Amino acid sequence: MPEQQPEPQDEQVDHGRRTVNWLLGSSLGILFVSIVYPILKYLVPPKLAEPTTFSVTLPWKLAELKANSGRIFRFRSLPGILVKTSAGELRAFSAVCTHLQCTVQYREERQDIWCACHNGVYDLNGKNISGPPPRPLEPLKLNVRGDQIIVMKG
Amino acid sequence: MTGVRITAWLEERIDLWPLRHFIGKKVIPVHRHTVWYYFGGMTLFLFAIQVATGILLTLYYRPSGEEAYESVQFIMTDVQFGWLVRSIHSWSANLMVLMLMIHMFSVYLTQAYRKPRELTWVTGMLLFGIVLFFGFSGYLLPWNVLSYFATKVGTEIAGQFPLVGHTLMRLLRGGDEVTGATVSRFYGIHIAILPALMTAILTLHLFLVQKQGMSVPPAIEQAHRGQPLKTMPFFPNFLLRDLFGWFVTLGLLAALAALSPWELGQKADPFAPAPAGIRPEWYFVFMFQSLKYIPAKIGPFEGEVLGVLGFSLGGLLLLLIPFLDKKSAVGEPSPLFRSIGIGIIAYIVIFTLLGYLAPSVK
Amino acid sequence: MLRVICFILLAIAAVVVIRVPFAAAEDACIDCHKSLREERLNRPAFKIKNDYHLARGLGCHSCHGGDQTALDNKAQAHSPAKGFLGKPKRHAIPEACGRCHSDPSYMRQFNPSIRTDQVKEYYTSVHGKRLRDGDQKVAVCISCHDVHAIRAVKDQMAWTYPTNVAETCGGCHGNAEYMKPYKIPTDQLEKYKQSVHYETLTKRADLASPTCSSCHGSHGAAPPGVDSVANVCSHCHVATAELFAKSPHSSAFADLGMPACVTCHSNHDIAPPSEAMLGGGEGTPCATCHEASSAPLKKAAELRTMIEGLAGRIDQATATLTRAEHAGMEIGAPKFELIAANESLIKARAAVHSLDVEQIKTATDSGLDVAQKSLESGQGLLSEVQFRRKGLAASMLIIIAVLVGLFLKIREVDRRKRLD
């Protein structure tokens, strides 16, 4: 019997309805934002554009590397070694010693790759030439794009 | 208000009256089984979430044996909120199957499949099959140990079919073994073939539901003896309730994704021995468990073959229920089919529980 | 006309050249011996097809003399006038092989870098010395290189191929009956097969891993003397040998006349070393000289605790990281850092040979540091998984607000409908 209801009560109902609409509208708005926000974030390309499974771009510029030097880099969760020979040639190998999986290093004075754990020595082709290592170092494929060095599974 | 103006603008160009009229006239019968009407909408909502999160996942996922696992790991670790998107996709898939099962059995037990809704039931059953296949194909995509072996066993079971089994298995696996080729294939099935089928059949299903309105269980119809039932307008009363349920589900999904993020597990290694406790997704467990109990040989037949045939026959019977249940077609309750339905539910519940609780046989 | 003659001559030359390989098949010795009934006489003719020498045109006559062209003519083939020697006497075999193998200018035409000192070396070996003294049972060239089917060392069917050497030596040295007169142990082959060296050689396919001849020499085979053991091992184990030479054990062992390396590691059955070797328990090498609860044993126990502490921490970190990985976290960086801890562990294990507590402690401390950091990042990653809950708590509040709004709205529209 709406026509019998007094005016103020009608206003009260209207007021209540407006409050409910406001509450529902604003909470839906916030919810919408809180759903859209993660989605937009998701769409932003991550720092690494793709999984570092097959190739990795080394964190140094080509120009930074001196001749007759070697550097260790991360390839997946394993170390790799990049060697620039005294002739200026670039080579990359897995830096995992084939003896007991220590990380090898470049020796400038002898121009070879050396494992400090048990004195294993590899030549600059990765071949094991002295000490306990049973096998050559696994070679990695190198690509130079402009000033960037990209290493891939060989 | 802007809303009003937009509607007016549209109305000037397109005649919205039939739609308005339809929505305005659509009512939902109110009785003690009204609650079951919500589950179809719930399944639809979860499907929408699956579509949305699935599309997002395709941006980073790579379907190959070498890259699948790594790309999912990439999504989980490097992509912002990637873990959330993937977790919601996985959880929502499971909830969707659950809601679909509830929807299906509630329809069955309220005999909503009876004339004139036979086609709605048949399309619904087809949708159920598609959803199960969605789950099966999606499970492999992260290419982890569990999914690898579940797929291996699952496709092997499909290979038990007489005559076509081997071809079917090869067709599913994309070769003789589960390999990276299977991942590519399942990906195509999961994101192109099944969605296309789903869209077509779902459209038909929804069209039929709207065309025919909600079904009222015969028992309630009889109780009212032709008197008009109490109803509630679809818009906004029922829709608001629907929305309420959907947001509860959304909250539930968020909670599940946060409290129990979907794990990635170990990368699949086809040459590693199968780990203990290999089990398919929960909605296949009752079949998996039943196959375990069937003896290796029954007479001249192989047990597994009979089991697979049995399940196929069961599925076919369920599909044809509206045509088999003559009593309900004329609007009478049919206790026989009712008890069959309860039997099926009990069977599924018991065997699923057995699958999780019984010490593993073998 | 001249051209025709040239052509004919060339054709004849070609036929001769092409015929050379077939000439082997028409070797009178092989031809005839193949058809002999007695196994002793026909076996060499069958075996020789695998011989390295025959492939280079050196047939039976190169060792046995005689005329290999005398087809179906036993008398001429075996004629002393053609230099037929028959079966060489066992004690004369080294010289027989040495006729060619000790002649650098002859050998050069086959392989310019081949060594030619094997016979000389042989007579410095225990085998060679005994042979000189008239012992006919000792190994001569053919005992290890086979006879008639002599293969190159790089041929993996050769008795002298690295993976076959142990069995070749063991043929005599593992035969208790045969070795009885010499009164030396015959369990070396059995023991060697349990060693880390055998495993590396056969399972890890590391042909550089030592077999009998790597430590005892091949042609000059003899047991290494007490003094030279360390030199032999240090051939490969360079770093550990250097560390050992600086340790107090080095002079102590020399004074006591105990050989380095093998005193603790044994010789033929060298097991992979482990921390269990350190410390004073029964059967540990330290306890053979040091008394229980003496100061040196306490020190050993201390070293063991240090190394085991590091190994344990690394295992713990690895397990935590693996769990985080399976939960879907990226563990590349901490796992990469953990490699350094493993390296410290390996260095610390090597440094045990120096007995220098400071040096070992430096290695284990830096390793512990790294492992601790990896462990913490692993735990951090695991708690990150948990942290996400908090972010979601906020969105749950929003959803609850929506639900409350919906609830009120539902009540309102229901009331309106009733009013209507």
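Proteins come first, then strands; the chains are lettered A, B, ... in the order of their sequence lines, and each starts at number 1. This one's a predicted model, so the numbers in the text were calculated from it and none came from an experiment.
The part of Asn21(A) that comes within reach of chain C is its side chain, from C-beta onward, which places non-hydrogen atoms under 4.5 angstrom from that chain. For Arg17(A), the parts lying near chain C are the backbone and the side chain together; criterion is any non-hydrogen pair under 4.5 Å. Of the two parts of Arg411(C), neither the backbone nor the side chain holds a non-hydrogen atom closer than 4.5 Å to a non-hydrogen atom of chain A. Heavy atoms of Ala208(C) lying under 4.5 Å from chain A are absent altogether. Proximity to chain C is limited to the backbone of Thr98(A), based on heavy atoms less than 4.5 angstrom apart. When heavy atoms are compared at a cutoff of 4.5 Å, Glu337(C) does not approach chain A at all. Using a 4.5 Å cut-off between heavy atoms, Ile339(C) touches chain A through its side chain atoms alone.
Here Val20(A) is the residue among Val20(A), Leu100(A), Leu23(A) with the most heavy-atom pairs under 4.5 Å with chain C. Chosen from Ile399(C), Val238(C), Asn342(C), the residue pairing most often with chain A at heavy-atom distances under 4.5 Å is Val238(C). Among Val96(A), Asn128(A), Thr19(A), Leu24(A), the residue with the largest count of heavy-atom pairs under 4.5 Å with chain C is Leu24(A).
Using a 3.5 Å distance cut-off with no hydrogens or angles, the side chains of Thr103(A) and Glu343(C) do pair a donor with an acceptor.
Ion pairing between a basic and an acidic side chain is recognised when a charged N comes within 4.0 Å of a carboxylate O; Lys361(C) and Glu358(C) show no such pairing. Ion pairing of Arg416(C) with Glu412(C) is present here, as a side-chain N (NZ or NE/NH1/NH2) and a carboxylate O approach within less than 4.0 Å. Checked for salt-bridge contact, Lys203(C) and Glu199(C) miss the test: no charged N lies under 4.0 Å from a carboxylate O.
Screening Val33(A), Ile35(A), Ile30(A) for a side-chain contact (heavy atoms from CB on, under 4.5 Å) involving Ile398(C) leaves a single residue, Ile30(A).
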- request: Would you sort out whether Leu82(A) and Tyr106(A) count as a side chain to side chain contact (heavy atoms under 4.5 Å, CB included), showing the intermediate values?
  value: CA-CA 9 Å; Leu82(A) 179 74; Tyr106(A) 183 72; over 6 Å; no
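When atom types are taken as modelled, the side chain of Ser247(C) and the backbone of Leu243(C) share no donor-acceptor pair closer than 3.5 angstrom.
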